Number of protein chains: 2
Amino acid sequence: MKNTLKIERAIKNITQDELAKIIGVSRQTINAMEANKYVPSTVLALKIAKHFGKHVEDIFTLDAED
Amino acid sequence: MKNTLKIERAIKNITQDELAKIIGVSRQTINAMEANKYVPSTVLALKIAKHFGKHVEDIFTLDAED
DNA sequence: TCATTATGTAAAATATATTTTACTTTTGGT
DNA sequence: ACCAAAAGTAAAATATATTTTACATAATGA
(Lines give C-alpha, C1' and ligand atoms only; values in the text may rest on other atoms or scores of the structure.)
Protein backbone atom coordinates (compact mmCIF):
# COMPACT_ATOMS: atom_id res chain seq x y z
CA MET A 1 0.00 0.00 0.00
CA LYS A 2 1.16 3.49 -0.74
CA ASN A 3 -0.21 6.86 0.19
CA THR A 4 -0.15 10.51 -0.80
CA LEU A 5 -0.04 11.88 2.74
CA LYS A 6 3.06 13.99 2.23
CA ILE A 7 1.58 15.54 -0.91
CA GLU A 8 -1.75 16.29 0.79
CA ARG A 9 0.11 17.91 3.69
CA ALA A 10 2.15 20.01 1.29
CA ILE A 11 -1.00 21.13 -0.56
CA LYS A 12 -2.49 22.35 2.73
CA ASN A 13 0.93 23.50 3.96
CA ILE A 14 0.71 21.84 7.36
CA THR A 15 3.38 20.02 9.36
CA GLN A 16 3.32 16.42 10.47
CA ASP A 17 2.82 17.67 14.02
CA GLU A 18 -0.21 19.78 13.10
CA LEU A 19 -1.85 16.91 11.20
CA ALA A 20 -1.05 14.57 14.12
CA LYS A 21 -2.82 16.87 16.56
CA ILE A 22 -5.87 17.26 14.30
CA ILE A 23 -6.21 13.50 13.75
CA GLY A 24 -5.34 12.64 17.36
CA VAL A 25 -2.18 10.59 16.91
CA SER A 26 1.52 11.07 17.56
CA ARG A 27 3.65 12.93 15.06
CA GLN A 28 5.75 9.81 14.66
CA THR A 29 2.65 7.92 13.57
CA ILE A 30 2.14 10.40 10.73
CA ASN A 31 5.80 10.06 9.84
CA ALA A 32 5.62 6.28 9.94
CA MET A 33 2.57 6.29 7.66
CA GLU A 34 4.21 8.62 5.14
CA ALA A 35 7.25 6.32 5.14
CA ASN A 36 5.02 3.23 4.82
CA LYS A 37 6.46 1.81 8.03
CA TYR A 38 3.11 0.21 8.76
CA VAL A 39 -0.48 0.09 7.60
CA PRO A 40 -2.84 2.44 9.46
CA SER A 41 -6.13 1.38 10.97
CA THR A 42 -9.27 2.18 9.01
CA VAL A 43 -10.34 4.67 11.68
CA LEU A 44 -7.17 6.66 11.04
CA ALA A 45 -7.56 6.41 7.27
CA LEU A 46 -11.15 7.64 7.48
CA LYS A 47 -10.16 10.57 9.71
CA ILE A 48 -7.31 11.54 7.40
CA ALA A 49 -9.45 11.28 4.27
CA LYS A 50 -12.17 13.34 5.93
CA HIS A 51 -9.69 16.00 6.97
CA PHE A 52 -8.43 16.37 3.41
CA GLY A 53 -11.93 16.17 1.96
CA LYS A 54 -11.17 13.11 -0.12
CA HIS A 55 -12.03 9.43 -0.31
CA VAL A 56 -9.77 6.92 1.44
CA GLU A 57 -8.95 5.48 -2.01
CA ASP A 58 -7.67 8.86 -3.16
CA ILE A 59 -5.02 8.86 -0.47
CA PHE A 60 -4.28 5.18 0.19
CA THR A 61 -3.83 2.73 -2.67
CA LEU A 62 -3.21 -1.00 -2.76
CA ASP A 63 -0.07 -2.57 -4.20
CA ALA A 64 0.02 -5.91 -5.98
CA GLU A 65 1.62 -7.57 -2.95
CA ASP A 66 -1.08 -6.42 -0.54
CA MET B 1 -16.80 2.88 13.74
CA LYS B 2 -19.57 0.85 12.22
CA ASN B 3 -19.83 -1.02 8.96
CA THR B 4 -22.34 -2.44 6.52
CA LEU B 5 -20.45 -5.66 5.82
CA LYS B 6 -23.29 -7.97 6.67
CA ILE B 7 -25.65 -6.04 4.39
CA GLU B 8 -23.16 -6.01 1.50
CA ARG B 9 -22.69 -9.76 1.89
CA ALA B 10 -26.43 -10.30 1.90
CA ILE B 11 -26.82 -8.20 -1.25
CA LYS B 12 -24.25 -10.37 -3.05
CA ASN B 13 -25.54 -13.48 -1.23
CA ILE B 14 -22.12 -14.73 -0.15
CA THR B 15 -21.05 -16.32 3.13
CA GLN B 16 -18.49 -15.01 5.56
CA ASP B 17 -16.23 -17.87 4.50
CA GLU B 18 -16.47 -16.98 0.80
CA LEU B 19 -15.71 -13.32 1.44
CA ALA B 20 -12.83 -14.32 3.72
CA LYS B 21 -11.29 -16.44 0.98
CA ILE B 22 -11.67 -13.67 -1.63
CA ILE B 23 -10.12 -11.03 0.63
CA GLY B 24 -7.47 -13.38 2.01
CA VAL B 25 -8.34 -13.43 5.71
CA SER B 26 -9.88 -15.91 8.11
CA ARG B 27 -13.62 -16.30 8.34
CA GLN B 28 -13.43 -15.27 11.99
CA THR B 29 -11.85 -12.00 10.92
CA ILE B 30 -14.87 -11.23 8.76
CA ASN B 31 -17.12 -12.20 11.64
CA ALA B 32 -15.16 -10.05 14.06
CA MET B 33 -15.38 -7.06 11.73
CA GLU B 34 -19.13 -7.46 11.25
CA ALA B 35 -19.50 -7.63 15.03
CA ASN B 36 -17.21 -4.59 15.48
CA LYS B 37 -14.85 -6.64 17.63
CA TYR B 38 -11.96 -4.63 16.27
CA VAL B 39 -11.01 -2.06 13.66
CA PRO B 40 -9.64 -3.52 10.42
CA SER B 41 -6.44 -2.37 8.78
CA THR B 42 -6.77 -0.01 5.82
CA VAL B 43 -5.48 -2.70 3.46
CA LEU B 44 -8.42 -4.90 4.44
CA ALA B 45 -10.89 -2.03 4.16
CA LEU B 46 -9.60 -1.17 0.69
CA LYS B 47 -9.84 -4.79 -0.46
CA ILE B 48 -13.35 -5.13 0.88
CA ALA B 49 -14.52 -1.85 -0.64
CA LYS B 50 -12.98 -2.83 -3.97
CA HIS B 51 -14.66 -6.21 -3.90
CA PHE B 52 -18.06 -4.63 -3.35
CA GLY B 53 -17.36 -1.88 -5.87
CA LYS B 54 -17.82 0.90 -3.33
CA HIS B 55 -15.79 3.51 -1.49
CA VAL B 56 -14.39 2.66 1.94
CA GLU B 57 -16.62 5.41 3.36
CA ASP B 58 -19.70 3.66 1.99
CA ILE B 59 -18.99 0.58 4.05
CA PHE B 60 -17.11 1.87 7.09
CA THR B 61 -18.24 4.96 8.97
CA LEU B 62 -16.83 6.82 11.95
CA ASP B 63 -18.66 7.19 15.25
CA ALA B 64 -18.42 10.23 17.49
CA GLU B 65 -16.16 8.37 19.93
CA ASP B 66 -13.63 7.36 17.28
C1' DT C 1 25.50 32.04 9.11
C1' DC C 2 22.88 30.16 12.69
C1' DA C 3 19.04 29.17 15.63
C1' DT C 4 14.82 27.15 15.31
C1' DT C 5 11.65 24.23 13.23
C1' DA C 6 10.50 20.15 10.76
C1' DT C 7 11.42 15.68 9.59
C1' DG C 8 13.73 11.18 9.98
C1' DT C 9 15.06 7.23 12.70
C1' DA C 10 15.30 3.83 16.35
C1' DA C 11 14.08 0.86 20.04
C1' DA C 12 11.45 -0.61 23.82
C1' DA C 13 6.89 -0.65 25.65
C1' DT C 14 2.14 -0.89 25.00
C1' DA C 15 -2.11 -1.62 22.55
C1' DT C 16 -4.61 -3.74 19.12
C1' DA C 17 -5.46 -6.66 14.98
C1' DT C 18 -5.55 -11.20 13.30
C1' DT C 19 -5.02 -16.17 13.29
C1' DT C 20 -5.72 -20.66 14.98
C1' DT C 21 -8.26 -23.99 17.20
C1' DA C 22 -12.36 -25.47 19.04
C1' DC C 23 -16.77 -25.50 20.27
C1' DT C 24 -21.81 -23.81 20.29
C1' DT C 25 -25.83 -22.01 18.31
C1' DT C 26 -28.58 -20.66 14.52
C1' DT C 27 -30.28 -21.07 10.00
C1' DG C 28 -32.11 -22.98 5.99
C1' DG C 29 -33.27 -26.69 2.99
C1' DT C 30 -35.16 -31.20 2.39
C1' DA D 1 -37.84 -33.47 12.22
C1' DC D 2 -33.19 -33.82 10.72
C1' DC D 3 -28.83 -32.34 9.28
C1' DA D 4 -25.34 -29.77 6.96
C1' DA D 5 -24.02 -25.25 6.41
C1' DA D 6 -23.45 -20.81 8.27
C1' DA D 7 -22.69 -17.87 11.86
C1' DG D 8 -21.41 -16.83 16.68
C1' DT D 9 -18.15 -17.08 20.42
C1' DA D 10 -13.91 -17.65 23.05
C1' DA D 11 -9.18 -17.89 24.32
C1' DA D 12 -4.41 -18.41 23.50
C1' DA D 13 -0.88 -17.42 20.25
C1' DT D 14 1.01 -14.54 16.88
C1' DA D 15 1.61 -10.44 14.18
C1' DT D 16 1.29 -5.73 13.64
C1' DA D 17 0.04 -0.87 14.83
C1' DT D 18 1.00 2.85 17.76
C1' DT D 19 3.15 5.38 21.51
C1' DT D 20 6.88 7.08 24.10
C1' DT D 21 11.36 8.65 24.54
C1' DA D 22 15.37 10.15 22.54
C1' DC D 23 18.41 11.49 19.34
C1' DA D 24 20.05 12.77 14.53
C1' DT D 25 19.58 15.16 10.33
C1' DA D 26 17.59 18.32 7.14
C1' DA D 27 15.26 22.44 6.04
C1' DT D 28 13.93 27.09 6.69
C1' DG D 29 13.90 31.87 7.60
C1' DA D 30 15.92 35.88 9.54
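None of the values given here were measured: they were computed from a predicted structure. Chain naming here is simple, since letters A, B, ... match the order of the sequence lines and numbering starts at 1 in each. Atom set for the values below is all heavy atoms of this structure, side chains included, hydrogens, waters and symmetry mates excluded.
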Engineer: Just how far, in rounded Å, is P of D:dT9 from CD1 of B:Ile30?
Structural biologist: 16 Å
Engineer: Over how many whole Å does the gap from A:Gln16 atom CD to D:dT18 atom C1' extend?
Structural biologist: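 Result: 15 Å.
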Engineer: Within this structure, what is the CG-OG1 distance for the pair B:Asn3 and A:Thr42, rounded to the nearest 0.5 Å?
Structural biologist: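 With rounding to 0.5 Å, CG (B:Asn3) is 9.5 Å from OG1 (A:Thr42).
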Engineer: Among residues 5-15 of chain B, which contact DNA chain D at a heavy-atom distance under 4.0 Å?
Structural biologist: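 Heavy-atom cutoff 4.0 Å gives B:Lys6, B:Arg9, B:Thr15.
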Engineer: Give every residue pair that meets the salt bridge (charged side-chain N to carboxylate O under 4.0 Å, His left out) criterion with at least one member in residues 16-40 of chain B, sequence neighbours excluded.
Structural biologist: B:Arg9-B:Glu34, B:Asp17-B:Lys21
Engineer: What is the distance, rounded to the nearest whole Å, between atom CG of B:Asn3 and atom P of C:dA17?
Structural biologist: 13 Å
Engineer: Between atom CD1 of B:Ile11 and atom CD1 of B:Ile7, what is the distance when rounded to the nearest 0.5 Å?
Structural biologist: 7.0 Å
Engineer: What does nucleotides 20-25 of chain C look like as a protein-contact string, B for base, S for sugar-phosphate only, - for none, at under 4.0 angstrom between heavy atoms?
Structural biologist: BBB---
Engineer: Taking all heavy atoms of A:Val56 and all of A:Ala45, pick out the closest pair and write down the distance.
Structural biologist: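 The pair with the smallest heavy-atom distance is CG2-O, 3.9 Å.
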Engineer: Check B:Ile30 against B:Leu5 and note the closest heavy-atom contact, atom names and distance.
Structural biologist: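 Closest approach of B:Ile30 to B:Leu5, heavy atoms only: O-CD1, 4.3 Å.
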Engineer: Where do N or O atoms of nucleotides 25-30 of chain D meet protein N or O atoms at under 3.5 Å, pair by pair?
Structural biologist:
none

Engineer: Between side-chain atoms of residues 59-66 of chain A and protein atoms elsewhere (two or more places apart, or another chain), which donor-acceptor pairs fall under 3.5 Å?
Structural biologist:
residue	atom	partner	partner atom	Å
A:Asp63	OD1	A:Lys2	NZ	2.6
A:Asp63	OD2	A:Met1	N	2.8
A:Asp66	OD1	A:Met1	N	3.1
A:Asp66	OD2	A:Met1	N	2.7
A:Asp66	OD2	A:Asp63	N	2.7

Engineer: Just by distance, do the side chain of B:Glu57 and the backbone of A:Leu46 share a donor-acceptor pair under 3.5 Å?
Structural biologist: no
Engineer: Applying side-chain hydrogen bond (donor to acceptor under 3.5 Å, both in side chains), name anything that partners A:Thr4, two or more places apart in sequence or on another chain.
Structural biologist: none
Engineer: Name all pairs fulfilling the salt bridge (charged side-chain N to carboxylate O under 4.0 Å, His left out) condition that reach into residues 44-55 of chain A, sequence neighbours left out, sorted by first residue then second.
Structural biologist: A:Glu8-A:Lys54
Engineer: For C:dT7 and A:Asn31 - does any side-chain N or O of the residue sit under 4.0 Å from the phosphate oxygens OP1/OP2?
Structural biologist: no
Engineer: Only counting residues at least two apart or in another chain, list the ones meeting ring pair (Phe, Tyr, Trp, His ring centres under 6.0 Å) with B:His51.
Structural biologist: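 Listed in chain order: nothing, the list is empty.
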Engineer: Could you state the interatomic distance from CD1 (B:Ile23) to CD1 (B:Ile48), rounded to the nearest 0.5 Å?
Structural biologist: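 The CD1 atom of B:Ile23 sits 5.0 Å away from the CD1 atom of B:Ile48.
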Engineer: Residues of residues 33-57 of chain B with any non-hydrogen atom less than 4.0 angstrom from an atom of DNA chain C: list those, numerically ordered, please.
Structural biologist: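 Residues of residues 33-57 of chain B that come under 4.0 Å of DNA chain C are, in numerical order, B:Tyr38, B:Val39, B:Pro40, B:Ser41, B:Leu44.
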Engineer: In whole angstrom, what separates B:Leu19's CG from C:dT18's C1'?
Structural biologist: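 After rounding, the reported distance stands at 15 Å.
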